[in-house]
Amino acid sequence: MGETKISGKVQTVLGPIDPDELGITLAHEHILIDFLVFFEEPEESTERRLAHEPVTIENLWWIRQNLFTCLDNVRLIDEKTGIRETMRFKLAGGGSIVEMSNIGLGRDPKGLARIARATGLNIIMGAGFYVGHSQTEQVREMSPDRLAERIVDDIVNGVGETGIKAGMIGEIGAMVPIDEFERKSLRAAAIAQQKTGAPFNIHSSHSDNLILDNIKIIKEAGADLSRVAMSHCDAWCITDDVLQRILDEGCYVEFDTFGYEGYFPPYQGRHFNFPTDEQRVKTLLRLIEKGYLKQLLVASDHCVKTSLASYGGFGYDHVLTNVVPLMKLNGISETQIDTLLVENPKRLLTFA
Ligand SMILES: [Zn+2]
């Protein structure tokens, strides 16, 4: 593992901080995101009209069934909304947010820095590349070494001319079936991790096999699996057996879709439903009882307007306001909750 000046620190958009300053941390969110990658223009003219309307109480009935078919719903691009919404987390006792919008998701370093200053929250920004079809042809053509250089540069020197540095490699995107770019991008992330000692997070889409395949790719490329988090391990019903295989490889398992319950629009011709928060908590408890407490992370992956409190959603304070009481009711202790929300993200986010 290469040693950088940031070794032993956490890198936020406003500079390095001592890991003890993090406090309660949401391990996977989006505050500013242009999530156009899954937007699909409907065929029908009436639906096309709905697809281009702003999110209001009048069209929520349709958007709830068509999360990614409403253009306005997939764009969190208003700073003032970002400040107001993340303040809910701060006021509930939160300290830090890992913002995973990297290349392909409309990353906005200056916007995130302003939100960090306005709210007093620590914001840790992502680097690297989201799924293959969110990338330009120019990026898709790059070699793994060139992609890795780009990630290292964002961590060591900052994004472009902004001087604002990423503190996380992720979320690195992989879809089913994984494409050639995504394989390169995973290898590049593993290379960049070895050069910087940065934490590393993978977005794997709804397939147990894909997650295990992603781990194999980064392992072969030399990644430190004890500093890798697998996102969305609670977005569909992964069996305990597969969750344990991920944990036994040394990775963190991230339960980051708290608040998303039940219906999810079919995509890629496949259909699945989100579990309930109660089911998520019960799975966490089983993993804790099996001895995996120190490898579990929690968040609520806000990436659409309808998940924000201003638009009738559960808000960034959901984990603290609603999930923590549910954890306690189900027998997860205060000390264990502290490990999930403070100690585990702190260990992961501290540069090696
Ligand atoms: Zn995400």
Side-chain angles (χ1 to χ4, degrees), residues 13 25-39 67-68 73-77 82 85-86 89 96-109 111-112 115 123-135 151 154 166-176 178 182 185-186 189 198-207 210-211 214 228-236 238 251-261 264-265 267-268 272 274-275 280 296-308 313-316 318-319 323 345 348-349:
V13 291
T25 303
L26 293 173
H28 187 140
E29 301 295 339
H30 302 271
I31 306 169
L32 297 174
I33 180 172
D34 212 353
F35 201 19
L36 289 173
V37 51
F38 296 121
F39 172 75
L67 282 183
F68 304 114
N73 198 38
V74 297
R75 310 187 86 181
L76 307 185
I77 52 176
E85 288 285 330
T86 53
F89 172 62
S96 305
I97 296 180
V98 183
E99 217 288 3
M100 290 289 187
S101 308
N102 57 358
I103 298 170
L105 291 173
R107 183 174 59 178
D108 186 344
L112 292 180
I115 293 173
I123 297 178
I124 294 97
M125 178 175 72
F129 305 86
Y130 194 55
V131 298
H133 69 284
S134 67
Q135 305 302 324
I151 298 172
D154 285 353
M168 162 66 79
I169 301 169
E171 56 184 302
I172 303 302
M175 297 286 288
V176 192
I178 186 165
E182 290 164 351
S185 159
L186 283 165
F200 179 177
N201 183 296
I202 297 179
H203 158 101
S204 235
S205 278
H206 304 94
S207 155
L210 180 67
I211 295 184
N214 290 172
V228 173
M230 296 304 302
S231 287
H232 318 321
C233 285
D234 59 333
W236 67 103
I238 305 183
C251 299
Y252 287 84
V253 154
E254 194 170 270
F255 276 37
D256 55 22
T257 55
F258 272 100
Y260 296 93
E261 296 184 299
F264 189 80
Y267 89 129
Q268 294 186 305
F272 53 88
F274 284 119
R280 292 183 172 102
L296 304 170
L297 297 164
V298 170
S300 46
D301 198 8
H302 284 74
C303 56
V304 286
K305 277 208 175 100
T306 45
S307 75
L308 303 179
F314 43 88
Y316 291 96
H318 179 65
V319 166
V323 177
L348 174 65
L349 290 169

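Counting starts at 1 for both ligands and their atoms, following the listed order. We're numbering straight along the sequence, starting at 1. Remember, it's a predicted structure, so these values are computed and weren't measured experimentally.
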Does the ring centre of His232 sit less than 6.0 Å away from the ring centre of His28?
-> yes
Do Ile238 and Ile211 come close enough that some side-chain heavy atom pair is under 4.5 Å?
-> yes
Heavy atoms, side chains only, cut-off 4.5 Å: are Leu297 and Pro345 in contact?
-> yes
With sequence neighbours left out, what residues match Phe89 under ring-ring contact (aromatic ring centres under 6.0 Å, His included)?
->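 Checked Phe89 against ring-ring contact (aromatic ring centres under 6.0 Å, His included); zero matches.
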For the Zn ion (ligand 1), every protein N/O/S atom that sits closer than 2.8 Å, waters excluded |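 As for protein N, O or S atoms lying under 2.8 Å from the Zn ion (ligand 1), they are His28 NE2, His30 NE2, Glu171 OE2, Asp301 OD1.
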Between His318 and Phe314, how do the two ring planes meet: parallel, tilted or perpendicular, split at 30° and 60°?
-> tilted
For the pair Tyr130 and Phe38, name the ring-plane relationship: parallel under 30°, tilted 30 to 60°, perpendicular over 60°.
->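 The rings of Tyr130 and Phe38 stand perpendicular, inter-plane angle above 60°.
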